[in-house]
Amino acid sequence: MKDNRTIFHIDVNSAYLSWEAVHRLQHGYGIDLRRIPSVVGGDPKTRHGIILAKSIPAKKYKIKTGETLHSALQKCPSLTIIAPSYGLYMKCSNAMVEILKEYSPNIQRYSVDECFLDYTGMERHFGEPETAAYMIKDRIENELGFTVNIGISTNKLLAKMASDFTKPNRVHTLYHEEIPSKMWPLPVEDLFMVGRATAPKLHKLGICTIGQLANYSLEHIKYILKSHGEMIWKYANGIEDSKVRISNYENMKGIGNSTTVAFDVEDKRTAYMILLGLTETVSMRLRDAKSCCRVIAVEIKNTNFTRYTHQKKLFSPTDTTKHIYTVVKSLFDEAWKGESIRHLGVRVSTLSSNQFSQLSLFDEKDIEKRKALDNTIDSIRSNFGSKSIIRASFLHSGVKPLIGGVGAEDYPMMSSIL
DNA sequence: TCTGGGGTCCTAGGACCC
DNA sequence: TCTGGGGTCCTAGGACCC
């Protein structure tokens, strides 16, 4: 086993909420949201009413991330509710990464509020790992105003588990020899990759702690849970050796946008309009990543919350809005069962570079014109704002011409393999 | 006026080929 | 007239993460 690396996992404490709190303090708002029961959440009127982040005082009321605002208000009627502003979060995240880059060139953005940093070989510049971690943590607090937890170990899994120990504003280590004392006593559902569905299966086997999983028969766990079983058994034993990889477009697997519509969608015309708004955003992001896709998928969630998808592999890769939208419409027509729709999604995958366009014999001859049109629209939007040019069909429709987002600062996130 | 949106990976089953 | 089995591609759905 190679134990010769030093990996940090940096995790912003209650990210969205802390960032809102700092932003408000900087703009003369006298109350620190982190010190009162408060949450960041969407608007129930538009059916976005769930908790995205909570303060530590809100946590004392047993308010949980993902629960409805309605239910949170019943637990704490005086709760302060803040609407999310994703642009602010991206700025805060970027500012943090700029600090991290001073301590290692090898940083993986795992999500908007989590990074891995490979500290291997950096001791001679910044000292022992713990010394450097405290330095980073304190700099973020002093310069940016929010706090982080930093976990230190020899691989990403253990570093991530360590950063999840006591919060906020702490540095923790979890080296191999510390696994039995620091990680094994924890409930098995605290282990990365043990979620809602796996935990009850483990309980049925009499496994309630990470230590019990670590010392369980690997053969048996593989038999019950297949490859996932083997993975979590290794994690419970601290075995994991993936690299800290710099995020870039090349290793991005797919791009998708989806939206819960403020009203029930009952007719095809309205559904098409929303799908066009989603397709505009997805295909702009696709071109921004200099990629083409070969698989296009549509997702429908009806008012009973049942969800289904329909996808299609194309004969040749594409990145044009019009082509993708044509396929999206036909996928929707084939899939939709006619019920009331709550949520729609468009996603593209099986990506390839668009640098060398591979025209098939069957491509329509105006493909170059459509590409030129897309490029023109993209550049108008990037120079004059995303609302500067929209399709006429959206005028007075009540449907947004561009739906969903993350935009130009896009970076690939999250792989369950770490 | 109850239940978001962005991802990745794995598995199972059917089609098709040899 | 017996019904094999491996490999690959494709699709749908589920599990997990933040």
Side-chain angles (χ1 to χ4, degrees), chain A residues 9 11-12 14-16 40-53 64-74 81 83-84 86 89-90 93 109-115 156-157 160 163-164 189 191-201 225-232 235 242 247 251-263 278 281-282 285 294-315 331 334-335 342-351 403-407 409-418:
Chain A
H9 180 253
D11 189 336
V12 180
S14 320
Y16 288 5
V40 175
D43 184 354
K45 280 180 198 154
T46 55
R47 309 204 285 197
H48 289 63
I50 67 155
I51 309 285
L52 299 162
K64 296 196 173 74
T65 303
E67 83 174 299
T68 60
L69 273 179
H70 182 82
S71 136
L73 278 167
Q74 295 194 322
I81 299 161
Y86 296 100
Y89 310 154
M90 192 58 76
S93 177
R109 291 180 86 146
Y110 185 65
S111 71
V112 73
D113 67 333
E114 287 185 32
C115 290
K156 284 158 70 177
L157 182 271
K160 182 157 168 57
S163 70
D164 212 29
E189 41 272 85
L191 182 63
F192 181 67
M193 280 292 135
V194 175
R196 249 193 13 239
T198 307
K201 292 179 192 165
L225 296 172
K226 316 283 167 117
S227 67
H228 186 72
E230 179 172 11
M231 182 176 70
I232 60 174
Y235 286 179
S242 67
S247 320
N251 46 41
M252 195 149 53
K253 300 291 190 292
I255 295 171
N257 285 110
S258 63
T259 188
T260 293
V261 189
F263 50 90
L278 291 163
T281 311
V282 168
R285 291 172 62 202
R294 272 200 74 185
V295 173
I296 300 175
V298 165
E299 179 199 355
I300 300 170
K301 191 190 311 184
N302 62 31
T303 45
N304 304 322
F305 270 76
T306 52
R307 196 194 80 96
Y308 49 97
T309 61
H310 189 38
Q311 70 178 55
K312 184 177 178 179
K313 182 154 190 169
L314 307 179
F315 186 74
L331 285 167
E334 289 164 14
R342 177 187 176 88
H343 171 109
L344 286 164
V346 170
R347 160 159 214 90
V348 296
S349 55
T350 313
L351 306 184
I403 304 174
V406 280
E409 310 91 336
D410 239 1
Y411 54 88
M413 302 194 226
M414 285 197 285
S415 141
S416 41
I417 304 298
L418 283 178

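Computed over heavy atoms, backbone and side chain alike; hydrogens, waters and symmetry mates excluded. The sequence lines fix the lettering, A, B, ..., with proteins before strands; numbering per chain opens at 1.
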Can you find a side chain N or O atom of [X] that sits less than 4.0 Å from OP1 or OP2 on [N]?
X: A/Asn257; N: B/dG6; value: yes
X: A/Thr260; N: B/dT3; value: no
X: A/Lys313; N: C/dC10; value: yes
X: A/His343; N: B/dG4; value: no

When the distance from [atom1] of [X] to [atom2] of [N] is rounded to whole Å, what number comes out?
X: A/Ile296; N: C/dC10; atom1: CD1; atom2: P; answer: 14 Å
X: A/Lys301; N: B/dT3; atom1: NZ; atom2: P; answer: 10 Å
X: A/Ile403; N: B/dG6; atom1: CD1; atom2: P; answer: 10 Å
X: A/Lys45; N: B/dG4; atom1: NZ; atom2: P; answer: 17 Å
X: A/Arg342; N: B/dG4; atom1: CZ; atom2: P; answer: 5 Å
X: A/Ile50; N: B/dG4; atom1: CD1; atom2: P; answer: 6 Å
X: A/Arg307; N: B/dG5; atom1: CZ; atom2: P; answer: 13 Å
X: A/Met252; N: B/dG6; atom1: CE; atom2: P; answer: 14 Å

Out of B/dT8, B/dT1, B/dG4, which nucleotide sits closest to the side chain of A/Leu52? B/dG4

Which part of the nucleic acid, if any, lies within reach of [X] when heavy atoms closer than 4.0 Å are counted: base, sugar-phosphate only, or nothing?
X: A/Ser258; result: sugar-phosphate
X: A/Gly42; result: nothing
X: A/Gly41; result: nothing
X: A/Gly345; result: nothing
X: A/Thr259; result: sugar-phosphate
X: A/Val194; result: sugar-phosphate
X: A/Thr46; result: nothing

Using a 4.5 Å cut-off on heavy atoms from C-beta on, say whether the side chain of A/Tyr89 contacts that of A/Leu52. no

Can you find a pair of side-chain heavy atoms, one from A/Tyr110 and one from A/Lys156, that are under 4.5 Å apart? no

Residue mapping more 5' on DNA chain C - nearest nucleotide basis, A/Tyr308 or A/Arg294: A/Arg294

Test of understanding: with side-chain contact (heavy atoms from CB on, under 4.5 Å), list the residues that count as partners of [X], not counting sequence neighbours.
X: A/Ser71; result: A/Glu67, A/Thr68, A/Lys75
X: A/His228; result: A/Met193, A/Thr198, A/Met231, A/Ile232
X: A/Ala335; result: A/Ile300, A/Tyr308, A/His310

Between A/Arg47 and A/Leu278, which residue's closest nucleotide on DNA chain B lies nearer the 5′ terminus? A/Arg47

Taking the nucleotide of DNA chain B with the nearest heavy atom to each, does A/Asn304 or A/Arg347 sit closer to the 5' end? A/Asn304

Holding to salt bridge (charged side-chain N to carboxylate O under 4.0 Å, His left out), I want the full list of residues that pass it with [X], two or more places apart in sequence or in another chain.
X: A/Glu230; result: A/Lys234
X: A/Arg307; result: A/Glu299
X: A/Asp43; result: none
X: A/Arg342; result: none

Has A/Phe305 got its ring stacked on B/dT3, by the test of a centre gap below 5.5 Å and a plane angle below 30°? yes

In dot-bracket notation, what is the pairing pattern of DNA chain C, taking Watson-Crick (N1-N3 plus N6-O4 or O6-N4) and G-U wobble (N1-O2 and O6-N3) contacts under 3.5 Å, with [ ] crossing and | for other strands? ....||||||||||||||

Pick the C1' atom in C/dG4 and in B/dC16, then give their distance to the nearest Å. 15 Å

Glycosidic torsion of B/dC2 (syn if within 90° of 0, anti otherwise) classifies it as syn

We want to know whether A/Thr309 and A/Arg347 form a side-chain donor-acceptor pair, criterion being a heavy-atom distance below 3.5 angstrom. no

Report all interatomic pairs (protein N or O, nucleotide N or O of nucleotides 11-17 of chain B) with separations under 3.5 Å.
unit_1 : atom_1 : unit_2   : atom_2 : d
B/dT11 : OP1    : A/Ser227 : OG     : 2.9

Got a second to check how far A/Thr350's OG1 is from A/Leu314's CG, nearest 0.5 Å? 9.0 Å

